[in-house]
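Here's the structure we're looking at; comments come further down.
Just so we're on the same page: letters track the sequence lines, and every chain starts at 1.
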Protein chains: 2
Amino acid sequence: MTIQDERAESPGRTQRADARRNHDLLLRAAREIFDEEGDTSMEAIAKRAGVGIGTLYRHFPRRIDVVEAVYRDDVDQVVAVAERDVATMSPWEAVDSFLHAFVAYAFGKRRFLTELREAFEKNPELKCDARERLEAAIRLVVERGQGAGVVRADVTGDEVFGLLGPMCTSASLTREQCDRLVGMVLDGLRPPVTR
Amino acid sequence: MTIQDERAESPGRTQRADARRNHDLLLRAAREIFDEEGDTSMEAIAKRAGVGIGTLYRHFPRRIDVVEAVYRDDVDQVVAVAERDVATMSPWEAVDSFLHAFVAYAFGKRRFLTELREAFEKNPELKCDARERLEAAIRLVVERGQGAGVVRADVTGDEVFGLLGPMCTSASLTREQCDRLVGMVLDGLRPPVTR
DNA sequence: CTTCAAATGGAGGGACCCTCCGTATAATAG
DNA sequence: CTATTATACGGAGGGTCCCTCCATTTGAAG
């Protein structure tokens, strides 16, 4: 186990060529099939990749490991948007732009993200790196707004994530409704005014 | 089939005493076991009720039918709160009070509601009566606020439901965070002010 | 080529949802 | 009370899925 982990972490060590190739085939197959079908079985992923079910489980011991691996790439894209917005926009513009972009992206992946969310609920300890990076991206934008005084201070970025993330995976809302709700949430994010 | 439906709809017609008793036993068992375990198997429900699995399926042909039956009672309670708030409070107070009450109630039932939401996602056509009554309850409160000019007009009650409902079933938010987010959403619900 | 750890593939175990149908029984007629 | 019968019951078993196990194969090193 330890040996295997060390090997995985130092790519120079021996990993057989067929293993690396099958790993890539499986990941590609999983991404395709999640995009097309929404949910699927482990058998279907293995078949799509052209390998046996045992090979799939060698590379991804549990179903959630496949889901998480696919998730990782998605997170990269969102993080990049956050960093770009923070670098190029005013504090409030960045919040507005990023939250809309986040919801747009998440909405398009809703079926896959539903599966991921279920996996997280079954294994709450699995707040994996990917998810933490995503929350960090939202925090980056939100806390910058709070520092500039354009975002209320009594809500955290993680909480905003907890509000908008589940909304995107809700089957009953259209894309337009999600956008409208983001607008409303943005209004709620501004520092409260006395009425 | 038609005969059976007609019989079910007119309670005076013959339904055997054991059937009615088992129906109640099953419903009670399902409620208990959902509250205690969160999710469960059909076998466990039947066992808890002391009947065979076949009897369970006679009364509730699919898993979602059990979930929906339990859901129905929950909805009754929420609807009653909405009606009480509308009858006894000012338009804005009713919105504030009801949304907090709604989230508090839903939060306590989060594990069960997660199961229900999944069922809805698998069968989107099953926007059952119960769910519609729930949405109607939120509409009742929200639209009254809109009529009085204290709630922005460009968001519907159903959309607020779509925002807060999924939030409650999110595993990553605590009760306190949900409450704080409701406060923020309430601020966002007020008619926008120019800044 | 030899050797062997690494990797493969698929049968099968276990859990679950649901169907089917032989058996049992409540309700009704005589 | 008994006979009749539609109604209801119970659980074996089919199908699907996740995952494990291990006999077999194969890439890589000497």
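Atom CG in A:Leu26 sits about 13 Å away from atom P in C:dA7, given to the nearest Å. For the pair B:Leu25 CG and D:dC9 P, the interatomic distance rounds to 10 Å; values are reported in whole Å. Atom CG of A:Asp65 is separated from atom P of D:dC19 by 9 Å (rounded to the nearest Å). Remark: C1' of D:dC17 and CD1 of A:Ile64 are 17 Å apart, rounded to the nearest angstrom. Distance OH (A:Tyr57) to P (C:dG13): 17 Å, rounded to an integer number of Å. Atom P of nucleotide D:dC9 and atom NE2 of B:His23 are separated by 11 Å, given to the nearest angstrom. Put simply, CZ on A:Arg21 is 8 Å from P on D:dG27, counting in whole angstrom units. Nucleotide D:dG27 holds its C1' atom 15 Å from the CZ atom of A:Arg20, rounded to whole Å.
At the phosphate of C:dT8, OP1 or OP2 sits under 4.0 Å from a side-chain N or O atom of A:His59. Contact annotation: A:Asn22 side-chain N/O to C:dA7 OP1/OP2 distance is not under 4.0 Å. A close approach under 4.0 Å does not occur between any side-chain nitrogen or oxygen of B:Thr55 and OP1 or OP2 of D:dA8.
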N/O contacts under 3.5 Å, protein versus nucleotides 21-23 of chain C?
none

Would you list the protein and nucleotides 28-30 of chain D atom pairs, both N or O, that sit under 3.5 Å from each other?
| residue | atom | partner | partner atom | Å |
| --- | --- | --- | --- | --- |
| D:dA28 | OP1 | A:Ala17 | N | 3.3 |

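A:Lys109 and A:Asp35 are joined by a salt bridge, as a carboxylate oxygen and a charged side-chain nitrogen come within less than 4.0 angstrom of each other. Remark: B:Asp65 engages B:Arg62 in a salt bridge, criterion side-chain N to carboxylate O under 4.0 Å.
Under the rule for a ring-ring contact (aromatic ring centres under 6.0 Å, His included), the partners of A:Phe34 that lie at least two apart in sequence or sit in another chain are A:Phe112. A:Phe107 pairs by the ring-ring contact (aromatic ring centres under 6.0 Å, His included) definition with nothing, not counting sequence neighbours. Residues passing the ring-ring contact (aromatic ring centres under 6.0 Å, His included) test with A:His59 are A:His23, sequence neighbours excluded. Taking B:Arg175 as the reference, B:Asp179 meet the salt bridge (Lys or Arg N to Asp or Glu O under 4.0 Å) condition, with sequence neighbours excluded. Annotation: side chain to side chain contact (heavy atoms under 4.5 Å, CB included) contacts of B:Ala46 (sequence neighbours excluded): B:Val51, B:Ile53, B:Leu56. With sequence neighbours excluded, the residues that form a ring-ring contact (aromatic ring centres under 6.0 Å, His included) with B:Phe161 are B:Phe102.
Within residues 33-49 of chain B, the residues approached by DNA chain C to less than 4.0 Å at the level of any non-hydrogen atom are B:Thr40, B:Ser41, B:Met42, B:Glu43, in residue-number order.
Applying the salt bridge (charged side-chain N to carboxylate O under 4.0 Å, His left out) test to every pair with at least one member in residues 44-53 of chain B, sequence neighbours left out, gives these pairs: B:Glu32-B:Arg48, B:Glu36-B:Arg48. Legend: salt bridge (charged side-chain N to carboxylate O under 4.0 Å, His left out) pairs involving residues 75-95 of chain A, not counting sequence neighbours, sorted by first then second residue: A:Asp76-A:Arg133. For the salt bridge (charged side-chain N to carboxylate O under 4.0 Å, His left out) condition, the pairs that include at least one residue of residues 139-149 of chain A, sequence neighbours left out, are A:Arg139-A:Asp158.
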